[in-house]
2 protein chains.
Amino acid sequence: MEGNGKTRYMQIGEVAQRTGLTQRTIRYYEERGLLRPPTRMEGGFRLYSEEDVQRLEQIKQLTQLLGFSLNEIRQILDAAEVKSQLRADWDKIDPSERRKRLLHAIEASESQIRLIDHKIEQLGQLRARWAERLERYRALLLELDQVESAAT
Amino acid sequence: MEGNGKTRYMQIGEVAQRTGLTQRTIRYYEERGLLRPPTRMEGGFRLYSEEDVQRLEQIKQLTQLLGFSLNEIRQILDAAEVKSQLRADWDKIDPSERRKRLLHAIEASESQIRLIDHKIEQLGQLRARWAERLERYRALLLELDQVESAAT
DNA sequence: TCAAACTTTGACGTTAACGGTAAATTCGGT
DNA sequence: ACCGAATTTACCGTTAACGTCAAAGTTTGA
């Protein structure tokens, strides 16, 4: 499984291109143990395999799933305050202005919901992958138990 | 709505107690614009309202939703590699060891899935709150339009 | 064999999100 | 008026997750 003649090796530049990560980030991931230290050329240049690229793409997905910095949270909550903005001088403004504010509030809410849905979807995909794995393990376990019980 | 006689004011210490955040963190959130600068006593002590506490709890929820540091991602991926670990010397080990490894892999997968489910649930709650808001706005808009069309 | 392009390590810089501490005020009770 | 507890601002420290830059070494193609 390791000595596959078909394996193409890439240098860090190409990997960076393909993954959209910087070379620094790739090395950093290796440093932090997220990526297994790749093989090297004689002179020390790193050589990455397709597997490595896939792994990097997984890492990327997961970091994006991270989301929500304090800044983003502020934006979310600020959008929530469109509510009080709406209510503010509600009685003192004319209907067309009211309409405008309402539309704005609706826009903001919809945008937030879309953002949340996106994150939920990503998490759902992640969950599906794990569930699939889990099923495979369970099947294996069953198989094992059957063999054993048949032997006794 | 502002000059409510019933409003109880708390100092930062009590708020910290109630929210489980540190005073430092609370001030930091104010500094970063996440929390509106509270009213002050004559001498400058901050006075918080119930609303402020609620807001802080929202912020807390959202920051927890953040999850996934690189360390956690590594754990996730490492758990994923239980897969290759499993496969490693599969043929050279005896059935009881196989069973043990399988059980371990299953445990790990289940744990990951629970974690993901928890995050999904939190996001779901957040989504529900936004959806509710959105509905209210839409209802208001309808109301507004009806009034207007009746007037013309 | 030589230059241009690429890569390596190392070191320092930066931003976010706080933690901790100190020195000075302020508050609440007596 | 006074004391102890709580709070204020200010500033320095820290960790994570990279960015940036420099000096030196490596590859490759002509």
Side-chain angles (χ1 to χ4, degrees), chain A residues 7-49 52-53 55-78 119, chain B residues 7-49 52-53 55-78 119:
Chain A
T7 320
R8 247 202 76 226
Y9 284 103
M10 300 168 271
Q11 293 183 205
I12 199 168
E14 191 178 346
V15 175
Q17 283 279 345
R18 287 189 47 187
T19 59
L21 301 168
T22 68
Q23 303 189 6
R24 179 66 175 88
T25 299
I26 295 173
R27 293 195 199 99
Y28 178 67
Y29 287 165
E30 177 186 342
E31 200 181 312
R32 297 300 311 273
L34 287 155
L35 192 65
R36 151 220 111 181
T39 54
R40 306 273 190 141
M41 298 169 82
E42 293 203 354
F45 283 27
R46 271 165 258 247
L47 287 179
Y48 295 96
S49 67
D52 292 327
V53 174
R55 172 112 179 170
L56 281 170
E57 258 146 18
Q58 286 182 51
I59 298 175
K60 203 182 162 192
Q61 248 216 1
L62 287 170
T63 58
Q64 284 168 350
L65 240 159
L66 193 153
F68 298 160
S69 66
L70 279 194
N71 269 326
E72 292 177 285
I73 291 179
R74 183 161 59 101
Q75 284 173 28
I76 292 178
L77 293 176
D78 285 356
K119 281 188 190 293
Chain B
T7 320
R8 250 203 74 223
Y9 285 103
M10 300 167 273
Q11 293 182 206
I12 199 169
E14 192 179 344
V15 175
Q17 282 279 346
R18 287 188 47 186
T19 58
L21 300 169
T22 69
Q23 303 189 7
R24 179 68 178 86
T25 300
I26 295 172
R27 294 196 198 95
Y28 178 67
Y29 287 165
E30 177 186 343
E31 201 182 310
R32 297 302 309 272
L34 286 154
L35 193 64
R36 148 221 114 183
T39 55
R40 306 274 190 140
M41 300 170 80
E42 294 203 352
F45 282 25
R46 270 165 258 248
L47 287 177
Y48 295 97
S49 68
D52 292 326
V53 174
R55 172 112 177 168
L56 281 170
E57 257 147 17
Q58 286 180 53
I59 298 175
K60 203 182 161 192
Q61 250 215 2
L62 287 170
T63 57
Q64 284 169 348
L65 239 157
L66 193 153
F68 298 158
S69 66
L70 279 195
N71 269 326
E72 293 177 284
I73 291 179
R74 184 162 58 101
Q75 284 173 29
I76 292 177
L77 293 177
D78 285 356
K119 282 188 189 292

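Throughout, protein chains are lettered first and strands after them, A, B, ... in sequence-line order, and every chain is numbered starting at 1.
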Problem set entry | Residue-phosphate contact under 4.0 Å: B:Tyr28 side-chain N/O, C:dA16 OP1/OP2 | no
Exercise. OP1 or OP2 of D:dT8 sitting under 4.0 Å from any side-chain N/O of B:Arg46?
Worked result: yes
Taking [atom1] from [X] and [atom2] from [N], how many angstroms apart are they, rounded to a whole number?
X	N	atom1	atom2	result
B:Tyr29	C:dC18	OH	C1'	8 Å
B:Arg27	D:dC11	CZ	C1'	14 Å
A:Leu35	D:dC18	CG	C1'	16 Å
A:Leu34	D:dC18	CG	P	9 Å
B:Tyr48	D:dT7	OH	C1'	10 Å
A:Leu56	D:dA17	CG	P	15 Å
B:Gln23	D:dT9	CD	P	12 Å
B:Ile59	C:dA17	CD1	P	12 Å

Problem set entry | CD/A:Glu14: more than 12 non-hydrogen atoms of other groups inside 6.0 Å | yes
Would you compute the distance between atom [atom1] of [X] and atom [atom2] of [Y] and round it to the nearest 0.5 angstrom?
X	Y	atom1	atom2	result
B:Met41	B:Leu47	CE	CG	5.5 Å
A:Leu35	A:Thr25	CG	OG1	12.0 Å
B:Met10	B:Ser49	CE	OG	6.5 Å

Seminar exercise, completed: Of A:Arg36, A:Arg55, A:Arg46, the one forming a salt bridge (charged side-chain N to carboxylate O under 4.0 Å, His left out) with A:Glu30 is A:Arg46
Could you work out which one of [options] sits closest to the side chain of [X]?
X	options	value
B:Arg40	D:dA16, C:dC18, D:dT8	D:dT8
B:Arg32	C:dA17, D:dA17, C:dG19	C:dA17
B:Arg24	D:dT7, C:dT8, C:dG19	C:dG19

For this session: List the protein contact pattern of nucleotides 25-30 of chain C with one symbol per nucleotide (5' to 3'): B for base contact, S for sugar-phosphate-only contact, - for none; contact means a heavy-atom distance under 4.0 Å.
Result: -BSS--
For this session: Output all residues satisfying salt bridge (charged side-chain N to carboxylate O under 4.0 Å, His left out) with A:Arg27, sequence neighbours left out; order by chain, then residue number.
Result: none
For this session: Assess the side chains of A:Arg24 and A:Tyr28: does a donor N or O sit below 3.5 Å from an acceptor N or O?
Result: no
For this session: Return the minimal non-hydrogen interatomic distance between A:Phe45 and A:Gln11, and the atom names on each side.
Result: CD2-NE2, 3.7 Å
For this session: Considering non-hydrogen atoms only, spot the tightest contact between B:Pro38 and B:Asp52 and give its length.
Result: CB-OD2, 4.5 Å
For this session: Could you identify which residues of residues 13-22 of chain A place a heavy atom less than 4.0 Å from some atom of DNA chain D, listed by residue number, or say none?
Result: A:Thr22
